[in-house]
Every structure is written in structure tokens, then in C-alpha cells.
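Computed from a prediction, not measured in an experiment: that's the story for all the values here. Each chain gets a letter, A, B and so on, in the order its sequence line appears, and its residues count up from 1.
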Amino acid sequence: MTATTDQPTRHRPTDAATDDATLLGKEASRAVRRRSMRLLGDLLRPHTKALAWAALLVVASTLGQVAGPWLVAVAIDRAVPALADGSGTPLALTGAGYLAAAVLGGVAAGAYVRAAARIAQAVLLDLRRRVFRQTQRLSLEFHESYTSGRIISRQTSDLEALRELLDGGLTGVVSSLLLMVFTFAGLALLDWRSGVVLAVAFVPAWLLTRWFQRMSQRYYREQRTASARLIVKFVETMTGMRAVQAFRRQPTTEAEYGRLGEDYRDANLQIFGVNGRFQPGLILIGNLTVVAALAVGGWRVLDGALEVGVLAAVLLYCKRFFQPVQQLGMFYNAFQSATAALEKVSGLLAEEPTVVEPARPLPLPGGRARGELRLDHVRFQYGDGPVVLPDLDLTIPAGQTVAVVGTTGAGKSTVAKLVTRFYDASAGAVRLDGVDVRDLASADLRRAVVMVTQEAYLFSGSVRENIALGRPDATQAEIEAAARAVGAHEFVLEMPDGYDTDVNKRGGRVSAGQRQLLSFARAFLADPAVLVLDEATSSLDMPGERLVQRGLQTLLADRTAIIIAHRLSTVAIADRVLVMEHGRVVEDGTPEELVAGEGRYARLHAAWRDSLV
Amino acid sequence: MPPTDERSNRSEPSSEPRSELSTFASVRRLHPYVRTALPRLAAGLAASLGASLMALAIPRVLQWVTDGPLTAGARDHDWSGLAWSVALVAVLGAGEAGLILLRRTLVMFPGTRVEAAMRMSLFRHLQDLPVSFHDRWPGGQLLSRIMGDLGLLRRWLVFGIIQLVVSIVTIVVGVGLLVATGGWLGIIFLCGAIPVTVLAFRFSRRYRKISRLSQDQSGDLATTVEESVHGIRVLKAFGRGPDALDQFTEQAAELRETEIRKATTDAGLTTALRVIPEVTQAVALVVGAYLVAQGDMTLGALVAFFTTTAVINGPVVDLGMTLSMTLNARTAVDRFFEVMDTVNPLTDPERPARPEPVTPGRGGATGGHVAFRDVTFRYDDAARPVLRHVDLELPPGTTTALVGLTGSGKSTLAMLAPRLFDVTVGRVEVDGVDVRDLTRTQVRERVAVAFEDPTLFSASVRDNVLLGVSDDLPDAERETLLAESLEIAQAHFVADLPDGADTRIGEEGMSLSGGQRQRLALARAIAARPRVLVLDDPLSALDVTTEEAVTARLRDVLAATTTLVIAHRPSTVALADRVAVLQDGRVTAVGTHQELLASDPHYRHIISSLTSEPTPSPTSQEALS
Ligand SMILES: Nc1ncnc2c1ncn2[C@@H]1O[C@H](COP(=O)(O)OP(=O)(O)OP(=O)(O)O)[C@@H](O)[C@H]1O
Ligand SMILES: Nc1ncnc2c1ncn2[C@@H]1O[C@H](COP(=O)(O)OP(=O)(O)OP(=O)(O)O)[C@@H](O)[C@H]1O
Ligand SMILES: [Mg+2]
Ligand SMILES: [Mg+2]
């Protein structure tokens, strides 16, 4: 059964500091850039057909644009003389041609806008989903240091940069390049010497572009980091606004936020600065090339080596050649911005969870969990911190209700988090019905083992939605039954819209105890084989706790339960009590046995009885 | 009390544009922020126009050279003519590039500075707005305003606005020129301008609605992302990751639909802006050719007409893009001011009272005096008040336990003391002064809170605990304060953390155990050395032994501080000299623990752990009736 005898190598999740690094070594810089390009390629691959179609539309729209002046020339050269000769057909033809080109070009331009948006939006949706899935897949260890703000910044402002690239004409570049290639070919055919002049202009243009690439890469990285920091600070300040205001932190947070805002502004300024030199630089090179072509061509004309008409055409070609250069520059700028953003996003996507899905999951024996838990010489430490559980060896038979008590920081929640596989044991194994939890498909494990966490988190949305999180397909009657069982039904009905009342951000609309009751109702609804309750009633009043207790007794009759509690009243319904101390189980027995004994629990119990009235 | 009276002025994120201002009027509200930047923007505009002129001049010069000096000079080798024209083109070319560089340099400072200033003023305003505002507004909506919208605005200020003006100027001048010199052809062209204008206006109306919707939806999406990370433990515990993904996908797909609708609208305008002028030109071509053939027009005039339309066509096509950029910027301005215009109902008084200054340090100082007088409080969106005519006195130096059922309003009452909320009726006094007559800083200097949720930050232990301590204090004193408050809260575990008090504790303190978080929150309130301490269920996550240790130490400290402690257990009540019972929104009894046990059946019901109900609970009776 134990497929995972060899210890998987533990990945250290990236922390915020590594993620924020902007000045990378040459190798590292190249590696992240490659990763980001791979992601871009990956995202665009499914859309090759659509991209080709969009490129075609751009070409059509450009042709429509170019056809206009050419038709005007035709009209003047041919149709007007023909008309003077009494034949209106050439004029009618050119007029009709102009009309057709106008409609065709215009429609193609509009269709291109739509096609580009379709591609951009499909890519964004794809990427958003990938990032979201990855966020959910990653372990808590990662989230503790990466912080929600950074993920939000990946999902919002980084994605915005990509969207600008895609909207701003990934395919617009196609027509520009085509135009430039054709113009250059035309020029080279017309007069190869001028072609050489134009070719020479590539050298400074290339150098300038290299310079731009180097600088903008660095500054865009800085910008992404600065923007992420700004978002992190903002999200954290807004989330903790109560504490910020109650402890009069506004001036300090404002100063810190202002500093980060300045960093962001600096990064933006740098980019504008670099970009503001790159674009005019390209224009200057273009204009000077025309000057060079004029000088060289003019000299040859005066020397009699070149026809004036040819020179006129050469100059026209040169001028035209550099027209799309600006557009290319803009595109390249958007491209640099997007790749810097994709570097960050791909970094997040490349992150490996420390808790991994098994490649070949094993089924639970009998297809359904019975609920027997076994912690087989489990040793655990968070990351490379101190050892929290040195060596825990424990069997919980199916159907048993186990209470875990102990001093704060003893490792009770840690045990709960191992059983629910929020973390994986550093050594040893946790088994459910004899199967290592690392070999269970996450869907199977989550169906079998459910935990009410120590912090009762409610999502904004209705009461109903929050309870239904326990089982999304539950009916209204089932939801109400769950609420009744924990004693939440009454207060829910008193809220303005009953079960449809929005509980607001983090359940701010209900009291702390009410939040716990609603979290509890979720677990009632989930109906798992193993239920883990981590201090699920700590903020309840005592009558409320008693009510929950009674509900629990019926609920837990035939399932395994781990109840972590400081109030020994909760322990009354347990079949077995574990007392934990510094990551070890120091006492283990039925409540009666332990109370009768001389140990820690007996003392705790006595102290607790004394405190009661 | 009518339940709707205050709802009308509640501001909530809505997807309907609230104001029906014109785009111009809407953008004009930016004036205070852009005022100082205007000269530079104007100079940038001038540079931009100059660059366009130079760009237009270059082909003319080239044409002149090829037609003039070169054609004429080919025979007599007129080098100087060539040299002059080469120099001229070089100057014009360099001038164009230089002016563009100038324009870029001119606008980049104001653009970013305006953005930064607006961001700071929004942040300041958000920090000023009360907790009730933040409870209501989803985080993502605020974030999308302060990042996304202001970013849009920056780009518009740097690129959009100048391009808009240049395009419009070029078009107006060009059309004017055509009408003035083109005769019939000019009039034909002008006819084309009419549908274009009408369409542009229609487009603006439609586009604005969609742009608003899309910006709101991206805010909602950010909210979902934020919650999916903050609530990740719940999602993982119930294995709801895939469901959350489905929901997110649905939302993201909605945003995609909106964006595609936006693009479709945009595409319509793009098509119109391309087709209509070109069609009029086709007509003009036929008519023009006919006129030329008739001899009513010279060939040169016809050529000139089309040279001019070629210049206008570019800006006309660009206009579509610039217009949508402007409309997006306008939506951003609206969304920005929606928050900025939210009036803060909880402000500092014009002339705050001047109570005796707070003496920092606990030694010798007596606690403050807090009194709730006839306090009624109703949450904005609740039908009934939570607190009704509450009268409660906290004499200096006493510790009062506040006891009541879940949801009875204990935390609500406690939050009135540091003025996180304002009473609906009645008054809360600290040291004999109504808290509304003090600045919020004054009140909060006197009153410190330990919330029921720890509300920690992803900073070091030190920064978290010393949150309410002035940064100006000497380091040594801060360290003493830190050590002392950690000791009182029995947070000895800090010494065992990898970097001691410098250890970062993860987002919201999540790399600590529940009890450890709670003790840090307690230490934080103690470290602020307030005259009044509000402890909201401060021991709920502690085990019995630690609770005893904290209680013993706290009792010493609390001797000199006025304390309101919210309690659910007898062990927490043990901290207090006296107990107040909150029932049905009223303080129904005040007395010592023993007295109340003897006299108050409701108190017995709440605090007694006897599994058998002593008397039928009054609340359940009420619930039945
Ligand atoms: N995510 C984490 N990263 C690093 N250390 C952690 C993390 N979570 C808990 N710890 C540490 O592990 C130890 C055990 O924590 P745990 O949460 O299991 O305690 P507990 O018994 O549940 O305590 P409490 O009763 O206070 O909830 C503590 O010292 C704590 O600081
Ligand atoms: N922001 C809010 N808007 C509307 N109603 C609210 C809001 N916050 C709390 N309430 C309601 O007001 C009542 C009192 O809440 P409060 O948090 O003061 O209770 P409490 O006595 O502290 O309860 P607990 O013991 O559970 O912490 C509850 O019924 C709650 O649902
Ligand atoms: Mg715990
Ligand atoms: Mg409360």
C-alpha cells in the first residue's frame, strides 16, 4: 500500500523576497525570460488559426488602405483622359474599385479588432484560470509568505500588461513587417546602392533596439515588482483597517505606502524615459537615412549616374520603409512589458506545491472511507523551522470521538492539518483506512476528511452560499437543517433577508460567535467520514456551546472525530482524550480514566471545575 | 425607527454610472490634480504639433528638391542646391525627432506625478473612512480603483490627451481647408463628416456603459481572487478548490464577454471611421474626375484635394482608438470620485475639546473614565437597533466584564469606545468628554482594543506588537515596552521563534498557532499603554493553564487601567471587579460575579456550565413569542 516509501524531495516555496528580485544574474535573467516566453508560446499555441486569420485581416485592411492612393493615381492618369475622350467606363471602374477597397478595408479593420479581442480574451481567461488553479493547488506554506496581495497583483496588473500586448496588435506587427520587407525588396530592385544605404541604417537601429531591450527589461521588472509591493501593502492595510485605525497607524502606513508609490512612479518614469528615447531614436534614424539617401542619390543624379525619377521613387520608398517602424517600436515596448509580467506569472505557475497530488492515486478500500486514522511515527516541522511533532504514533479507530487538549502551541492544530493534509509529514506517514493520505486523490480525501478550522472564515455572499460550501448541491431544507442543528437558524431568520442576507467581507455582518456557528453548519452539511473540529466553539457563549454539543452527539455517533478544544466541557462527549505537550501525546485514555488518575488532565480538569459555577 | 432613513445616502459599489455628467465635465473634476501639470501638458502639445508639422514638411522638401534643384541642376552640376536641401531635410528630420523627445520628456513627469498624487489622496481618504465603509466595500473594487483605474488615467494623460487634441486639430484644420478650397468636393467630404460625428456620439454612449461594466467586473474578479486566497484554508478543508475555480471561471468568462462586447462596439466605430470617409472620397473621386473632364476643375486642385484627405485619414482612424481610451479614462475618473466623494460620517470635530494630555506610562496613572449614556446603536442595514438605551459606567481603574449571549451586541458596544462606530442616539464619554468632541486620534490614544480576531500583519512580531506605540520613542524604551507586554501576555514563545521578535509571522499571522496570535493581539493592546483597555474575548483561544497565567499577570496591570473585557466564560470573568449583563440590547444588570449569580437568572443561564438548564432561558421564551 505504501507507494511513498522514498521521501519526496521537499521543495522550498519561493518567498516574497526572491519573487521581488529584479537585478538578476545573466543566467538567471535568461532563464526567467525563457520561462516567460515558453508560457507565452504555450498560451498562444491553441490560437494559431485565429492568429493567422487575424493577420490576414490586417493584411486585407492594409491593402484597402494602400489601394486608395493608387486608385486615385490611376483615375488621374487614365480615367480623366478617358472621360475627356467620352468614355466613362474607366472612371466608373476606378470609382467602383475605390468603393470596394474602402468597404473591404474598413470591414477587415473592424473584423480585426474583434478577432484580436477574441484571441486576447481567450488567452487571458486561460491564464487567469491557470493562475487561479495554481493558487488553489499550492500549499499553505507557500501562501504564508507569498501573500494574497502578490497573487492579486499577478491576476490583475500583470495580466493587464499581457492584455495590452495582445490588444495592441500582436498581429499588427505582421503587416508592419510585411510592409517593410516589401518596401525594402522594392527599393533593392529599383536601385541596389540605395538598398545598401538602407541596410546600413539597420546597424544603429539594431544597436538602439538592443539598448532598449536591456534597459526596458530591467525597468519593466522593477515596475512589476514595485506594483506588486504597492498592491500587497494596499491589500494588507485595507484588510487590517480596524487595527490600523484603532492603533492610529494611518500616518505611518501612509508614509510607507507613499514610499512604495514613489518607487512605482520611479519605475514608470524610467520606462517612459527609456521608451521616450527609443521611439524618437528610431524616427531620427529613419529621417537620417532619408537624408543619406538624398545626399548619395542627389550626388549621383548630379553626376549623371542616376535618373531624377528613380531618385524620387527611392526617397519615397525610404520614407515609407520607416513609417511602420514606430508601430514596431510600440509593439516591442508592449512586448517587453508583457514578458516582464509573464516572468512573474510564470514564476508563480512554476511553483511546485509541497503537498503534491499523487500521480497514480489509490482508491480507499471498499470505495468509501470508514474513518480509521493512523499516524505512523509522524515527525513534522514547518519548512526548516523547529520540529513541532518529534514522533507521533497514534491510531484512531473508525467511529471514535477523540478530544485533543493541551497548552497553546503544543501542536494540536498541526496534527489536524496533517490529518487533513494541509501539510505532509516530514517523516512517517498519515494513513486513512490503511492508505497513505499522500496516495489518495485529493477529491477522495476531501470527501472523507473535513475540518472546521480555528479561524472561521466566511466569504462575502449570502448565508446560504456560505453554508452550502459544505456541500454545494444541498437543498434549502438541508441547509436549514444544518443551521438548526448548530443553533444558527434563529439569528439567520432575524437578518434582513434571512438566508439570502449578504454576510459582507469576511462575514463582517455577523458576530464572531455567529461566524463560528455558520462555519460549523458547513461541516454538518458536508457529512464526512472523519470530522476535525479545531476550536470550533471557542467564541460561543455557553448555552450556545451546549446546543452545539447536543447536535454533535447525534452527528458524531457513527463517524470518526477529532475535537480540539480548550474548554473541557467540549471533551465530555469524547470517547477518548489525548493530552498534548510540546508535540507529544503525554496522556491518552477515556475521560473517566484520566480524571480518576493523577496526571495533567486530572489537574486541568480540577482547575476547570473550580472555575465553573 | 424607520429602517430606510439612512439608506439613501449609503454609497455602495454599483455598476450604474451614478452621475450623468458629460465626459468633459467628468474629466474636469481632475483639475485640482492636474493644475500644476497643465503648463507642461500644453508645452507637450505644442511640441507634438510642431513635430507633426516637421513630419509633414519633409515630403514637401523632398518633392521640391527632386523637382527643382536636381532636375534643373543635373545639367550644370548644382552642388549647392543639393547641399542646402540635404541640410534642410537633416534639420527637419532631427527637429521632428527632437520635438518628439521633448514632448515625451515634458509629459512623463506630470503624467506620473498626477497619478501618484491621486493615488495618495485616495489612500488617505480610504484610511480616513470608517470601518463601516470598509465592511461594505469589497477589497477588489478598491484595489481596481487605486491601481487599474489610476493606471489608465496615467496612460491617458501621457498619451491619450495629446493625441486626442492633435487628431481633432488635424481633422478640423484639414476639413476646413477642404471645404474652403475644394469646392464641391469639400462639401461632399463634409457630408461624410455628419454621420461620422453622429456615430461617434452614439458610440461614446454605448461604449461608456460597457467600459464601466468591464471595470466594475474586473474589480469583482479581484475581490474573488482576494477571498480565494484569504479563505484558502476553508476551501482546502472542504476540498472546494474546483468549485471555487468554476465560480471564478464563470465570473472571468462574464468579464470576457463584456470585453468582447466592448471590442465589438469598438470594431463598429473602427469600420465606420474607415468606410465613411473613404466612401465619400470615392464619390469625390468620380465627381472630381467628371469636373476635371468638364473643365470645371483643374487637375492640380484634384491632386491637392486627395493629398489633403490622405493627411486627415490617419487621424480619423486613430480617433477611434483615442476616443475609447478617453472614455475608459473617464470611467476611471468616475470610479475614483465615487470613493473620493463618499462623505465620512465619522469625522473629527472642528474645535476638539482639550482634555488633560495623556500621560504615557502606566506607573501611577489612573485609568480613564468611560461612560455610555443612553446609547442606542443600529447598523445601517439592520432593521432594529442592536443596542437600546444602554447606560454603563466604567469608573477609573476598574475592570468590568461584559457578558451576553452570542450576537447580543457586546463587540458592538465595545467598538463604540474607541469610536470605530458612532452611536445612533446617546453619547459615549471618555474622561467626561463626548468622544465626538475629540479627534479620533485623541480618543484612540486613550482607548486601545484587542479585537476578537487578532488582525495581525505580515510583519515581524515587534512591528505587530508595537503597532500602537509611537515611532518617536527611543529604541531602548520601545524594546522595554515590547518585552514587558510580551511578558504580560505570556507570549514567551516569541523567544523560541527562529528570529525571535524579528520573525515575520506570515500573512495575518498565519504561521503562528491560534493561541499565539491571540496573545500577540493582547500584547499589542497592552503595549499601547492606554488609559482604557477594551479586550474582546481575549482568552478564548488559550488553554486553561496559560489562561490562568495571563489572568494573574493581567490583573496586576489592569489595576491602573480602566478595562472593559468581554467574556464568555467564568474564567475570563474572573479578571473583572464587576460584571455587566447585556440582554436584548440593554444592560440589564451590573454587579459582582457572586451577586449576579445569586440574583440574575439570565446571567446564570449564560455563564453557568451546568448541563441542565437552571430556568427556562428568557431569550428562548422570547424567540417563541
Ligand atoms: N504555518 C506555520 N509555520 C511555522 N510554524 C508554525 C506554523 N503553524 C504553527 N507553527 C508553530 O508550530 C507550533 C504548533 O502550532 P499549532 O498551531 O499546532 O499549536 P496548537 O496546539 O494548535 O496551539 P493553539 O492552541 O494555540 O491553537 C507553534 O509553536 C507554532 O508557532
Ligand atoms: N456590520 C454589521 N451590520 C449589521 N449587523 C451587524 C453588523 N455587525 C454585527 N451585526 C449584528 O449585530 C449583532 C451584534 O453583533 P456583535 O458582534 O456585537 O455580537 P457579540 O455580542 O459580540 O457576539 P459574539 O459573542 O458572538 O462575539 C449580531 O446579531 C450581528 O449579526
Ligand atoms: Mg491551534
Ligand atoms: Mg463579539
In terms of heavy-atom proximity below 4.5 Å to chain A, should [X] be classed as side chain, backbone, both, or neither?
X	result
Ser228(B)	both
Thr105(B)	neither
Arg104(B)	side chain
Arg256(B)	both
Pro242(B)	neither
Tyr379(B)	neither
Ser218(B)	neither
Leu542(B)	both
Val158(B)	side chain

Can you tell me which of [options] forms the most heavy-atom pairs within a distance under 4.5 Å of chain B?
options	result
Leu230(A), Leu288(A), Val290(A), Thr156(A)	Leu230(A)
Gly95(A), Gly508(A), Gly298(A)	Gly298(A)
Ala75(A), Gly105(A), Gly64(A)	Gly105(A)

Calculate, to the nearest 0.5 Å, the distance between atoms [atom1] and [atom2] belonging to [X] and [Y] respectively.
X	Y	atom1	atom2	result
Leu245(B)	Arg137(A)	CG	CZ	12.5 Å
Glu548(B)	Leu604(A)	CD	CG	9.0 Å
Lys236(B)	His143(A)	NZ	NE2	6.0 Å
Leu101(B)	Arg277(A)	CG	CZ	8.0 Å
Gln155(A)	Glu226(B)	CD	CD	12.5 Å
Leu142(B)	Met241(A)	CG	CE	9.0 Å

What residue in [options] has the most heavy-atom pairs under 4.5 Å with chain A?
options	value
Val292(B), Val279(B), Asp266(B)	Val279(B)
Glu507(B), Gln516(B), Met510(B)	Glu507(B)
Gly514(B), Gly409(B), Gly288(B), Ser411(B)	Gly514(B)
Lys410(B), Gln281(B), Arg504(B), Arg233(B)	Arg233(B)

Could you tell me whether a side-chain N or O of [X] sits under 3.5 Å from a main-chain N or O of [Y], the two making a donor and an acceptor?
X	Y	value
Asp543(B)	His566(A)	no
Arg444(B)	Arg248(A)	no
Arg274(B)	Ala102(A)	no
Lys505(A)	His134(B)	yes

Short N-O contact, [X] and [Y], less than 4.0 angstrom:
X	Y	answer
Asp381(B)	Arg509(A)	yes
Glu254(A)	Arg124(B)	yes
Asp167(A)	Lys262(B)	no
Arg242(A)	Asp135(B)	yes
Glu262(A)	Arg119(B)	no

Are a donor atom and an acceptor atom from the side chains of [X] and [Y] found within less than 3.5 Å of each other?
X	Y	value
Thr264(B)	Arg114(A)	no
Asp128(B)	Gln250(A)	no
Thr253(A)	Gln127(B)	yes
Ser458(B)	Glu236(A)	yes

Determine whether Ser460(A) and Glu227(B) satisfy the following criterion, side-chain hydrogen bond (donor to acceptor under 3.5 Å, both in side chains), listing intermediate values before the conclusion.
CA-CA 8 Å; Ser460(A) 61; Glu227(B) 291 202 332; 2.9 Å; yes
What part of Leu124(A) gets closer than 4.5 Å to chain B, counting heavy atoms only: side chain, backbone, both or neither?
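Leu124(A) has no heavy atom closer than 4.5 Å to chain B.
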Classify the angle between the aromatic ring planes of Phe247(A) and Phe451(B) as parallel (below 30°), tilted (30 to 60°) or perpendicular (above 60°).
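Phe247(A) and Phe451(B): perpendicular rings.
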Please state whether the rings of Phe132(A) and Phe248(B) are parallel, tilted or perpendicular, taking 30° and 60° as the class boundaries.
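It falls in the parallel class, under 30°.
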